[in-house]
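Chain identifiers are assigned alphabetically (A, B, ...) following the order of the sequence lines, protein sequences preceding nucleic acid strands; residue numbering begins at 1 within each chain.
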2 protein chains.
Amino acid sequence: MKYPNTKKLITEKALDYFSNNGYAGASIRQIARAVGIRESAIYNHFKSKEEIFLAILSDYKSKSLSTKILNDELLDELDNPEKFLQDFAKRLVEFWNTPKEKKFIRLLLMEQFTKVGSVELSVTEYVNELRGICRLIFSEMVKNNIAKKYDPDILAEQFTAPLFLIRTEHLSREGENNLNKVLEIVRKHVSFFWNSIKI
Amino acid sequence: MKYPNTKKLITEKALDYFSNNGYAGASIRQIARAVGIRESAIYNHFKSKEEIFLAILSDYKSKSLSTKILNDELLDELDNPEKFLQDFAKRLVEFWNTPKEKKFIRLLLMEQFTKVGSVELSVTEYVNELRGICRLIFSEMVKNNIAKKYDPDILAEQFTAPLFLIRTEHLSREGENNLNKVLEIVRKHVSFFWNSIKI
DNA sequence: GTCTATAAGGAGATAGAC
DNA sequence: GTCTATCTCCTTATAGAC
């Protein structure tokens with residue numbers, strides 16, 4: 001990969017503008033200006049505004065959540081379920097707090113009801129990946145008599161929903177200790193949750 | 001009020017377009033066409049596109065949630081807490097499912113990160129109204145030894161978050177029995193929640 | 001209060017020189 | 001690969017007749 005990589009720069013700046021102003025509210029002109037080139041030069045890399053959007057999406061979809069959140073270190077903690085859940089939630093929130101992921105979640109929330117070309121962004125699809133991981137975890141816990149015999153789907157929902165709402169609510173404010181505040185709320189949530197399901 | 005009320009019709013159609021395409025994605029031209037007048041006629045009622053947006057917001061903010069959800073009939077059920085919570089959640093979801101409220105939630109989610117004029121839409125503010133009502137309810141339950149001694153803030157969060165996520169996730173799909181499906185998921189959530197806090 | 005006409009500028013996109 | 005120049009269309013908004 002050579003420097004400067006204009007194409008990559010375009011998608012980065014485009015993500016900035018899309019996630020702040022929405023797809024319709026961002027213009028090729030702004031993006032080109034931010035990149036430091038003229039509008040017409042954009043069309044050497046993408047044939048349309050829509051294609052920039054699709055490139056951003058495709059880049060995002062190429063990564064899977066579980067590989068970014070779950071690692072062996074974390075899975076070793078499964079014999080201490082409360083600690084595991086706390087650390088799992090913490091890792092998740094920290095991941096959601098990375099700059100690129102924050103921008104993408106903002107874009108997702110903004111564009112979930114519009115159609116850009118043939119593509120529809122789905123919050124459900126986004127959350128479902130996490131629900132799937134949680135379902136596996138809670139299935140194991142129920143099977144091993146660590147957790148009460150609830151339907152794993154319900155447990156996944158109860159664990160996931162407050163996390164996601166807390167996270168999305170803290171996307172706007174840009175306070176310094178924003179993350180610490182979120183982590184504190186999340187810690188209380190996980191604590192309540194574990195208290196509700198432990199045997 | 002005389003008929004036809006063009007001004008009201010404009011805000012209604014504007015809400016349609018804003019909530020489907022976003023503020024930036026909707027045009028005066030579309031709105032005027034939907035109303036059945038020319039663009040220029042719009043400016044007899046509103047001095048700018050932004051003012052239409054602000055009128056929609058101001059109309060919305062004039063109403064309070066608690067008066068629409070809580071009534072005496074419901075409050076009489078407080079001695080049967082599980083039934084109360086189930087009916088409370090049901091009323092809430094049904095309210096969220098009214099056409100105008102659905103449009104407004106869509107608009108809120110889409111425009112929460114943009115600034116239209118000097119106004120910022122806040123999801124937190126929206127959810128906080130519900131959190132406040134829940135906090136009162138759960139404070140009472142804890143005080144009267146109906147519920148375990150949890151922090152009412154946590155209880156409000158745990159009760160509210162899944163409801164809101166479920167509701168927002170079902171705003172896109174327009175299935176017939178969509179509402180029944182949502183109500184079923186909500187019923188399970190409330191059941192789990194009550195099971196977790198009851199003494 | 002709505003119309004026609006029009007202004008003034010921004011949008012996405014293309015052509016062709018370098 | 002970037003530039004200047006340009007096209008065409010759409011945007012918000014205004015002026016003035018009816």
Check your understanding: Is there a donor-acceptor contact under 3.5 Å from the side chain of B/E129 to the main chain of B/L65?
Key -> yes
Check your understanding: So, for B/R167 and B/N97, which heavy atoms are closest and what is the spacing to 0.1 Å?
Key -> NH1-OD1, 3.1 Å
Point to revise | Taking every non-hydrogen atom, the tightest pair across A/I69 and A/R91 | key: O-NE, 2.5 Å
**Study point:** Between P of D/dT14 and CZ of B/F46, the distance in whole Å
**Key:** 15 Å
Check your understanding: Of the non-hydrogen atoms in B/I56 and B/T11, which two are nearest, and what is the gap between them?
Key -> CD1-O, 3.7 Å
Review point. Within this structure, what is the OH-to-P distance between A/Y43 and C/dG16, rounded to whole angstrom?
Key: 18 Å
Study note, to complete from the structure: Taken to the nearest whole Å, CD/B/E50 to P/D/dT11 is 18 Å
Study note, to complete from the structure: Closest to the side chain of A/I28, out of D/dG1, C/dG12, D/dT12, is C/dG12
Point to revise | Rounded interatomic separation in angstrom, taking NE2 from B/H45 and P from D/dA13 | key: 15 Å
**Study point:** Evaluation steps, side chain to side chain donor-acceptor pair (under 3.5 Å), between B/E101 and B/Y60
**Key:** CA-CA 9 Å; B/E101 190 68 19; B/Y60 186 82; 2.4 Å; yes
Review point. Is the distance from OP1 or OP2 of D/dT11 to the nearest side-chain N or O of B/S27 less than 4.0 Å?
Key: yes
Revision key, fill the gap. Rounded to whole Å, CG of B/N21 lies from C1' of D/dC10 at a distance of 15 Å
Study note, to complete from the structure: A/I31 atom CD1 is separated from C/dA13 atom P, nearest whole Å, by 11 Å
Practice item. Find which nucleotide of DNA chain C each of A/K47 and B/I37 is nearest to by heavy atoms, and output the residue with the more 5' nucleotide. Key: B/I37
Review point. Contact class for B/A24 vs. all strands (heavy atom < 4.0 Å): base, sugar-phosphate, or nothing?
Key: nothing
Point to revise | Interatomic distance, A/F53 CZ vs C/dG12 P [rounded to whole Å] | key: 14 Å
Study note, to complete from the structure: When A/K7, A/K100, A/K8 are each screened for salt bridge (charged side-chain N to carboxylate O under 4.0 Å, His left out) with A/D59, the one that passes is A/K100
Check your understanding: How about A/F138 and A/F193: are their ring centroids closer than 6.0 Å?
Key -> yes
Point to revise | Interatomic distance, B/Y17 OH vs D/dT11 P [rounded to whole Å] | key: 11 Å
Just the atom pairs and distances: protein N or O near nucleotides 4-8 of chain C's N or O, under 3.5 Å.
unit_1: C/dT4; atom_1: OP2; unit_2: B/R38; atom_2: NE; d: 3.3
unit_1: C/dT4; atom_1: OP2; unit_2: B/R38; atom_2: NH1; d: 3.4
unit_1: C/dT4; atom_1: O4; unit_2: B/S40; atom_2: OG; d: 2.8

